[in-house]
Amino acid sequence: MKRFPYLIAALLFPLATRAAPVDVYLLGGQSNMQGIGKVATLPPEDRAPIPTAFYFTGSAFESLVPGKTKTSSRAGELGPELGFARTLTDDGRTIYLIKYHASCMPLHHGWNRNAWVGGPPAPKRINFYPGTDANDPATGALYRAMRQRFQKGLAVLEAQGHEPVIRGFLWMQGEQDAKQAVSATTYAASLKHLRA
């Protein structure tokens with residue numbers, strides 16, 4: 001009989017501590033991730049809202065509506081998130097997208113913004129170099145900013161009572177790494193390191 005109050009509490013609040021898993025996709029990259037697609041040229045069927053795709057605006061998730069949801073730094077443009085979201089939600093599943101982009105910015109550690117400086121990885125460079133671990137001082141400033149945005153979006157979902165499950169990471173390259181022989185010829189290795 002002494003356990004009776006606890007049993008009532010368990011029956012009244014059985015889901016209070018359970019988080020609902022949600023599928024999250026991280027989108028990162030350079031100018032191609034920002035996007036050059038024009039909303040004005042989309043056929044009518046592609047302008048329809050995607051009710052089961054939610055896009056992180058930097059402070060909240062909102063339903064993905066082409067032309068209304070701002071997914072690019074340039075007005076009236078969009079990136080690969082639209083086709084990606086339509087494809088993944090064709091079966092009615094719900095997804096959450098968190099995107100970070102930085103146009104004309106490099107991945108290779110030898111770049112500092114748009115200036116080639118070469119040499120081994122070094123601190124304070126503005127690039128997407130992921131470093132060797134979370135505490136590597138040579139991790140690029142853009143990679144740190146990208147991770148920060150991803151973590152902020154995940155925290156918002158957790159605060160809403162969800163359990164975010166990262167299902168994939170979509171990377172879109174730009175042209176900056178192609179402007180130098182070393183970064184151009186080692187781009188595949190840079191992508192492999194980023195994925196790892």
Side-chain angles (χ1 to χ4, degrees), residues 12-105 107 126-128 130 134 140-176 191 194-195:
L12 290 175
F13 307 105
L15 301 176
T17 58
R18 289 187 188 173
V22 293
D23 292 345
V24 178
Y25 290 88
L26 308 175
L27 291 77
Q30 302 149 317
S31 50
N32 290 337
M33 179 52 75
Q34 174 172 254
I36 56 172
K38 309 292 185 197
V39 175
T41 65
L42 289 174
E45 63 272 15
D46 286 334
R47 292 186 193 188
I50 309 173
T52 58
F54 295 89
Y55 184 84
F56 185 58
T57 63
S59 58
F61 283 88
E62 63 180 49
S63 186
L64 185 54
V65 180
K68 180 182 175 209
T69 307
K70 186 176 178 185
T71 63
S72 173
S73 298
R74 296 183 293 252
E77 294 189 358
L78 56 106
E81 63 281 342
L82 181 61
F84 187 72
R86 285 211 188 279
T87 301
L88 288 177
T89 60
D90 269 351
D91 60 359
R93 72 190 264 214
T94 298
I95 63 168
Y96 293 81
L97 305 175
I98 307 172
K99 176 176 161 178
Y100 180 87
H101 58 82
S103 287
C104 302
M105 292 291 111
L107 173 58
I126 300 173
N127 55 45
F128 279 103
L142 296 175
Y143 182 81
R144 290 180 194 276
M146 181 173 68
R147 272 191 51 188
Q148 184 177 33
R149 183 170 180 94
F150 292 164
Q151 290 168 336
K152 186 175 180 183
L154 296 173
V156 166
L157 289 172
E158 289 171 353
Q160 293 174 347
H162 298 296
E163 177 191 335
V165 179
I166 299 171
R167 297 293 185 193
F169 175 50
L170 175 64
W171 174 264
M172 294 287 286
Q173 72 180 61
E175 69 285 346
Q176 190 64 40
L191 281 176
L194 177 67
R195 182 181 69 179

Quick one: do T94 and V22 satisfy side chain to side chain contact (heavy atoms under 4.5 Å, CB included)? Show the steps, please.
CA-CA 8 Å; T94 298; V22 293; over 6 Å; no

Could you give me the CA-CA distance, side-chain angles and deciding distance for Q30 and M172, then say whether side chain to side chain contact (heavy atoms under 4.5 Å, CB included) is met?
CA-CA 6 Å; Q30 302 149 317; M172 294 287 286; over 6 Å; no

Under the side chain to side chain contact (heavy atoms under 4.5 Å, CB included) rule, what do L82 and V39 come out as? Steps first, then yes or no, please.
CA-CA 10 Å; L82 181 61; V39 175; over 6 Å; no

Evaluate L88 against D23 for side chain to side chain contact (heavy atoms under 4.5 Å, CB included), listing each step before the verdict.
CA-CA 10 Å; L88 288 177; D23 292 345; over 6 Å; no

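The two atoms that bring L142 and M105 nearest to each other are CD1-CB, 3.2 Å, heavy atoms only. Closest of all the heavy-atom pairs between Y100 and M33 is O-CG, 3.9 Å. In terms of heavy-atom proximity, S63 sits nearest to I50 at OG-O, 3.4 Å. Nearest heavy atoms, S72 versus G35: OG-O, 4.4 Å. Between G174 and N32, the shortest heavy-atom contact is CA-ND2, 4.2 Å. The two residues L194 and P130 have their closest heavy-atom pair at CA-CG, 3.9 Å.
A donor-acceptor contact shorter than 3.5 Å links the side chain of K99 to the backbone of T71. Remark: the backbone N or O of P66 is not paired with any side-chain donor or acceptor of R47 at under 3.5 angstrom.
Within a 6.0 Å radius of CZ in R195, no more than 12 heavy atoms belonging to other residues, nucleotides or ligands are found.
To the nearest 0.5 Å, atom CG of residue L191 and atom CG of residue L107 are 6.0 Å apart. Rounding to the nearest 0.5 Å gives a distance of 6.5 Å between OG of S59 and NZ of K152. In this structure, E62 CD and K70 NZ are separated by 11.5 Å, a value rounded to the nearest 0.5 Å. From I95, atom CD1 reaches atom CZ of R167 across 12.0 Å, with rounding to the nearest 0.5 Å. Note that the CH2 atom of W171 and the CE atom of M146 stand 5.5 Å from one another [nearest 0.5 Å]. For the atom pair E158 CD and Q151 CD, the distance stands at 10.0 Å (nearest 0.5 Å).
Looking at I166 and L154, their side chains come closer than 4.5 Å, going by heavy atoms from C-beta outward. Looking at R74 and I36, their side chains come closer than 4.5 Å, going by heavy atoms from C-beta outward. The side-chain heavy atoms of L78 and L42, taken from C-beta on, include a pair separated by under 4.5 Å.
Using cut-offs of 30° and 60° for the angle between ring planes, the F84 and Y25 rings count as perpendicular.
A side-chain donor-acceptor contact under 3.5 Å links S73 and Q34.
Aromatic ring centroids of F128 and Y143 lie 6.0 Å or more apart.
When each of Y96, F54, Y55 is paired with F61, the ring pair (Phe, Tyr, Trp, His ring centres under 6.0 Å) condition holds for Y96 and for no other.
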